[in-house]
Amino acid sequence: VKVLLTGGSGFIAAHIVDILLQHGFDTVVTVRSEEKGKRIIEAHPGVSKEKLSYVIVQDVAKDGAFDEAVKSNPPFDYVLHTASPFHFNVQDPVKDFLDPAIKGTTGILKAIKEYAPTVKRVVITSSFAAIVNGKQHPKVYSEKEWNPLTWEEAMDHSSVYRGSKTFAEKAAWTFVEKEKPNFDLATINPPLVFGPIVHYLNSLEAINTSNQRLRNIVQGEMKEKLAPTGNFLWVDVRDVALAHVRAIEVPEAGGERFFVTAGFFSNKELADIARETHPQLESKLPPADAPSDFPEHIYEIDNTKSQKVLGLEYRPLKQTVSDAIDSILAVGI
Ligand code: NDP
């Protein structure tokens, strides 16, 4: 059974590759350069090229970007689409975020419909960003909620990432509804993803966006003052990766979105866990009695669908943070 995974050089995708291989799938990743492709292959010695290979898709926003990548022999059974910009370096909201997110998503769906009729299901990495309502939190967040952000509001640099994920996911559901392709769709909607970084892809300067606050804590940047937590929901990268693979393995996952979260955290908790699991970092950490910004009345979450349908069992924060710090220390601080 063969899977195409886009954005293979990404933080989450690197973990998806490992789970796909463990579960016996033949995997082809898309990457933006030969160099990144080679690094992924070299990091998996002993894995045959039938089991793991790469194709180049330089820019998902380009018309027809995926037309060649989706053709394969033997042909693909499933596609996992993770490639999408996630950073806060906004120059041009449309060119940097909305185009690659939305055109990347509709582009791959069009290419599959036209050139890869054997594909049975497409799983898209959406986000809690496509669920959260920044103006008015509901009492309980679940996959029933949609971010009501408008296109105009998304031009604001602080909202454009959320807009990119919301509009891309909506475009995907609309495509399937209107075009009635051979495949069905599932989306994985995680909040902030923490966990071990993959050494062959990362330097600490270029660490993926969601692990930056852990790097900052470990490097002493929050020693004097804990940065405000801002987003209070998290999930382990390995659980997110497993959710993607389960979403192709479990027939009932078709047509569903999945809110995958382990629960709440604050920067103060991250620092406290670091102190407990890595006492050698004490001199870099904020004092144990630093106040937490965790709000008293926030919202509730309902992640039961991900547990029931995908069989996820969420890792606890302590394990995730400890493993992530180990991986950061292995790269060197
Ligand atoms: P990364 O930045 O590590 O991965 C993003 C991937 O997308 C990279 O492989 C990147 O390639 C690729 N990419 C970005 N823009 C383009 C483009 N224009 N053309 C081709 N490839 C592109 O982030 P994550 O692993 O964290 O993110 C993966 C997915 O998960 C994204 O869709 C993101 O929105 C989503 N997500 C992430 C969360 C998190 O907290 N990490 C939370 C919720 C959702 P390259 O590295 O070569 O630029």
Side-chain angles (χ1 to χ4, degrees), residues 7 9-16 18 36 39-40 43 85-90 127-129 132 157-158 161-162 190-242 260-296 298 301 314-333:
S9 60
F11 164 57
I12 296 175
H15 289 273
I16 298 178
D18 290 340
K36 287 184 182 174
R39 273 198 258 163
I40 295 171
F86 181 28
H87 55 78
F88 294 108
N89 177 24
V90 189
S127 173
F128 180 60
V132 70
H157 288 195
S158 65
Y161 172 70
R162 286 179 173 184
L192 211 56
V193 183
F194 295 141
I197 54 170
V198 180
H199 305 139
Y200 58 88
L201 294 168
N202 273 278
S203 65
L204 285 189
E205 296 71 48
I207 194 169
N208 72 287
T209 303
S210 55
N211 271 324
Q212 280 171 9
R213 70 178 72 208
L214 277 170
R215 176 203 59 193
N216 295 350
I217 289 173
V218 167
Q219 291 184 329
E221 280 184 36
M222 296 200 201
K223 184 174 164 55
E224 305 304 330
K225 191 163 174 19
L226 272 166
T229 308
N231 299 307
F232 293 92
L233 291 176
W234 75 282
V235 63
D236 187 287
V237 66
R238 294 158 292 190
D239 296 337
V240 175
L242 181 61
V260 296
T261 180
F264 296 95
F265 80 100
S266 66
N267 285 346
K268 163 78 171 139
E269 270 179 281
L270 301 183
D272 287 345
I273 292 173
R275 179 176 296 103
E276 188 185 341
T277 61
H278 294 77
Q280 74 272 28
L281 294 174
E282 179 71 51
S283 67
K284 309 257 188 199
L285 299 174
D289 60 359
S292 171
D293 67 341
F294 193 78
E296 266 182 46
I298 192 167
I301 50 158
Y314 291 106
R315 282 173 173 78
L317 188 62
K318 189 162 157 183
Q319 185 192 342
T320 303
V321 171
S322 179
D323 292 349
I325 293 177
D326 282 344
S327 77
I328 289 170
L329 296 178
V331 181
I333 49 173

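Fair warning: this is a prediction, and the values are worked out from it, not measured in the lab. Count residues from 1 along the sequence.
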Test item: Arg315 side-chain N/O and Val237 main-chain N/O as donor-acceptor pair under 3.5 Å: no
Check: Phe294 main-chain N/O paired with Ser266 side-chain donor or acceptor under 3.5 Å: no
Considering all heavy atoms, the nearest Pro191-Thr261 contact: CG-OG1, 3.5 Å
Close side-chain approach of Met222 to Arg213, heavy-atom, < 4.5 Å: yes
Lys/Arg-Asp/Glu bridge criterion (N-O < 4.0 Å) met for Asp323, Arg238: yes
Heavy-atom donor-acceptor pair, His15 side chain to Leu242 backbone, under 3.5 Å: no
Separation between CG of Leu317 and CG of Leu270, rounded to the nearest 0.5 Å: 6.0 Å
From Thr277 atom OG1 to Gln319 atom CD, the distance as rounded to the nearest 0.5 Å: 11.5 Å
Lys/Arg N to Asp/Glu carboxylate O, Lys318 vs Glu276, below 4.0 Å: yes
Steps toward side-chain hydrogen bond (donor to acceptor under 3.5 Å, both in side chains) verdict (Asp326, His278): CA-CA 9 Å; Asp326 282 344; His278 294 77; 2.7 Å; yes
Ile273 and Ile325: CA distance, side-chain angles, deciding distance, side-chain contact (heavy atoms from CB on, under 4.5 Å) verdict: CA-CA 10 Å; Ile273 292 173; Ile325 293 177; 5.9 Å; no
Sole residue of Ile197, Leu214, Ile207 in side chain to side chain contact (heavy atoms under 4.5 Å, CB included) with Ser327: Ile197
Side-chain donor or acceptor of Lys284 paired with backbone N/O of Ile217 under 3.5 Å: no
Approximate separation, where rounding is to 0.5 Å, of Lys268 NZ and Leu226 CG: 7.0 Å
Shortest non-hydrogen separation from Val198 to Ala14 and the atoms involved: CG2-CB, 3.5 Å
Atom pair CG (Asn267) and OG1 (Thr229), whose distance is rounded to the nearest 0.5 Å: 4.0 Å
Whether Phe232 and Phe265 hold their rings parallel, tilted or perpendicular, with breakpoints at 30° and 60°: tilted
Separation between CZ of Phe194 and CG of Asp236, rounded to the nearest 0.5 Å: 10.5 Å
Side-chain (Asn231) to main-chain (Leu192) donor-acceptor, under 3.5 angstrom: no
side-chain contact (heavy atoms from CB on, under 4.5 Å) between Asn208 and His87, intermediate numbers included: CA-CA 8 Å; Asn208 72 287; His87 55 78; over 6 Å; no
Derivation and outcome, side-chain contact (heavy atoms from CB on, under 4.5 Å), residues Leu281 and Arg275: CA-CA 7 Å; Leu281 294 174; Arg275 179 176 296 103; over 6 Å; no
Steps toward side-chain contact (heavy atoms from CB on, under 4.5 Å) verdict (Trp234, Ser210): CA-CA 9 Å; Trp234 75 282; Ser210 55; over 6 Å; no
